[in-house]
Amino acid sequence: MTQRFTDEFAEAVLGVVESIPAGSVMSYGDIAAAIGSRAPRAVGAVMATGGSDAPWWRVVRADGRPAQGLEAEALRRLRAEGAPLSPSGERVAMRLARHRP
DNA sequence: ACGGTGACTAACC
DNA sequence: CGGTTAGCCACCG
């Protein structure tokens, strides 16, 4: 571990992210709601800061599109996991892939 | 204390 | 379907 997360928020976010099973995904909003927050943007900030060690590719936007700037990489990994993708292949089929705890 | 900012979202047109 | 707009909350200088 390279970083220690003293912030409860960041700790909670990463905990949820690591609980997402392969082949499934959660939106930033889903994660925020899962920890009783309404700050999907803050979730994104945590991921941008210390999400490198977590399965960040399983965290996508509400419309099923992966994080801005990492779309190609994320989609590659998601496909490898067998996550259901849209016919176009550029976004995740949220209806099928969404993980609900 | 304050305002700007962001790996966001939902509502509208 | 797609482009815009306003709303939200946590973090940082």
Side-chain angles (χ1 to χ4, degrees):
Chain A
M1 34 265 260
T2 53
Q3 294 287 312
R4 182 71 57 213
F5 295 96
T6 53
D7 297 22
E8 252 180 70
F9 187 81
E11 188 182 322
V13 168
L14 294 176
V16 174
V17 172
E18 292 184 31
S19 76
I20 306 174
S24 298
V25 301
M26 281 181 85
S27 73
Y28 296 88
D30 290 344
I31 294 169
I35 65 178
S37 175
R38 285 204 214 331
R41 305 192 65 151
V43 172
V46 172
M47 294 303 292
T49 302
S52 43
D53 288 308
W56 53 266
W57 57 92
R58 294 178 193 152
V59 184
V60 302
R61 297 182 68 169
D63 62 358
R65 265 186 63 195
Q68 181 77 48
L70 298 170
E71 307 174 22
E73 181 71 19
L75 282 161
R76 188 170 66 86
R77 289 177 180 262
L78 287 167
R79 189 177 300 226
E81 292 183 350
L85 303 180
S86 288
S88 53
E90 55 183 23
R91 59 181 194 130
V92 179
M94 292 305 284
R95 181 112 91 183
L96 302 171
R98 173 178 289 194
H99 171 60
R100 33 190 181 254

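In what follows, chains carry the letters A, B, and so on, assigned in the order in which the sequence lines appear, proteins first and then strands, with residues in each chain numbered from 1.
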Polar atoms only, N or O, under 3.5 Å: list the protein pairs with nucleotides 9-13 of chain C and their distances.
| from | atom 1 | to | atom 2 | distance (Å) |
| --- | --- | --- | --- | --- |
| C/dC11 | OP1 | A/Asp7 | OD2 | 3.3 |

Holding to side chain to side chain contact (heavy atoms under 4.5 Å, CB included), I want the full list of residues that pass it with [X], two or more places apart in sequence or in another chain.
X: A/Glu73; result: A/Trp56, A/Arg76, A/Arg77
X: A/Ala42; result: A/Phe9, A/Ala39
X: A/Ala22; result: A/Arg58, A/Glu81

Determine, stepwise, if the pair A/Asp30 / A/His99 fulfils side-chain contact (heavy atoms from CB on, under 4.5 Å). CA-CA 9 Å; A/Asp30 290 344; A/His99 171 60; over 6 Å; no
A side-chain contact here means heavy atoms from C-beta on lying under 4.5 Å apart; do A/Glu8 and A/Ile35 qualify?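 No. Closest side-chain heavy atoms not under 4.5 Å.
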Counting Watson-Crick and G-U wobble pairs whose two distances are both under 3.5 Å, find the runs of 3 or more in a row that involve DNA chain C.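 Only these stems qualify: B:2-6 with C:9-13, B:8-13 with C:2-7.
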For [X] and [Y], which heavy atoms make the closest approach, and how far apart are they?
X: A/Arg61; Y: A/Tyr28; value: N-CE1, 3.9 Å
X: A/Met26; Y: A/Ala34; value: CE-CB, 4.3 Å
X: A/Ala32; Y: A/Pro40; value: CB-N, 4.0 Å
X: A/Leu14; Y: A/Gly51; value: CD2-CA, 4.2 Å
X: A/Gly89; Y: A/Arg79; value: O-NH2, 3.8 Å
X: A/Ala97; Y: A/Val92; value: CB-CG1, 3.4 Å

Residues at least two apart in sequence or cross-chain that pass salt bridge (charged side-chain N to carboxylate O under 4.0 Å, His left out) with A/Arg41, listed by chain then number, are none
Just jot down the salt bridge (charged side-chain N to carboxylate O under 4.0 Å, His left out) partners of A/Arg65, sequence neighbours excluded, or say none. A/Glu71
Just the endpoints, please: which first and last nucleotides of DNA chain B, 5' to 3', lie under 4.0 Å from a heavy atom of chain A?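 First-to-last contact on DNA chain B, by the 4.0 Å heavy-atom rule, is B/dG6 to B/dA10.
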Does anything in [range] come within less than 4.0 Å of DNA chain B? Heavy atoms only, and list the residues if so.
range: residues 28-35 of chain A; value: A/Tyr28, A/Gly29
range: residues 56-72 of chain A; value: A/Trp56, A/Arg61, A/Ala62, A/Ala67, A/Leu70
range: residues 73-96 of chain A; value: none

Test side-chain hydrogen bond (donor to acceptor under 3.5 Å, both in side chains) applied to A/Arg91 - qualifying residues, sequence neighbours left out: A/Ser86
Test your reading of the model: is there a side-chain donor-acceptor pair from A/Ser24 to the backbone of A/Ile20, 3.5 Å cut-off? no
